[in-house]
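Computed over heavy atoms, backbone and side chain alike; hydrogens, waters and symmetry mates excluded.
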Amino acid sequence: MQFHFIPTPVGQNHWTAGFTLSRIWAREAGSEREVSHLLDRYYPYQSSRELQWHLAYRFGLPAQAIELTSEI
């Protein structure tokens with residue numbers, strides 16, 4: 001499953017401090033739906049890999065089945 005997200009840096013625009021989710025969409029079979037309401041948008045993710053594992057858990061998929069793209 002593919003996800004596209006818009007991150008918001010935590011702190012003073014330092015990406016090394018992590019990010020929260022501004023918005024996130026699921027892309028599957030040519031369609032796209034916003035799933036921001038299904039996740040905690042204020043959780044401070046330390047990496048996109050952490051977000052990948054969180055999405056896998058949330059949607060009941062193996063982490064390898066999650067593909068992420070972002071706007072930075």
Side-chain angles (χ1 to χ4, degrees):
M1 182 176 249
Q2 296 178 328
F3 291 89
H4 180 75
F5 69 100
I6 300 174
T8 302
V10 173
Q12 300 175 359
N13 293 329
H14 295 289
W15 289 102
T16 57
F19 62 92
T20 58
L21 294 175
S22 175
R23 298 178 80 187
I24 187 165
W25 296 267
R27 296 176 173 167
E28 188 174 36
S31 67
E32 182 175 277
R33 63 187 168 108
E34 186 172 352
V35 294
S36 302
H37 63 285
L38 298 175
L39 301 166
D40 181 358
R41 293 178 26 198
Y42 300 102
Y43 179 82
Y45 292 97
Q46 295 302 308
S47 67
S48 59
R49 184 170 173 87
E50 181 182 10
L51 175 58
Q52 177 185 12
W53 282 89
H54 182 88
L55 290 167
Y57 177 78
R58 181 74 169 113
F59 289 94
L61 299 168
Q64 299 85 342
I66 302 295
E67 295 179 35
L68 291 174
T69 58
S70 68
E71 292 180 17
I72 295 180

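Rounding to the nearest 0.5 Å places CD1 of Ile6 at 10.0 Å from OG1 of Thr69. The distance from the CD atom of Glu34 to the CZ atom of Arg23 is 4.0 Å, given to the nearest 0.5 Å. Here the OH atom belonging to Tyr45 is positioned 5.0 Å from the CG atom belonging to Leu51, to the nearest 0.5 angstrom. To the nearest 0.5 Å, atoms NE2 (His37) and CD1 (Ile24) are separated by 11.5 Å.
Proximity of Met1 to Leu55: side-chain heavy atoms (C-beta onward) are nowhere separated by under 4.5 Å. Side chains of Phe3 and Val35 form a contact here, defined as non-hydrogen atoms less than 4.5 Å apart.
Among pairs with a residue in residues 52-68, those fulfilling side chain to side chain donor-acceptor pair (under 3.5 Å) read Gln2-Glu67, at least two apart in sequence or across chains.
Between Phe19 and Phe5, the ring center distance clears the sub-6.0 Å criterion.
Trp25 and Leu61 fall into different hydrophobic clusters, where Ile, Leu, Val, Met, Phe, Trp and Tyr are joined by side-chain heavy atoms under 4.5 Å apart, directly or via other members.
In terms of the side-chain contact (heavy atoms from CB on, under 4.5 Å) criterion, Ser31 has no residue partners (sequence neighbours excluded).
Without hydrogens or angle criteria, Arg41 side chain to Ser22 main chain gives a donor-acceptor distance under 3.5 Å.
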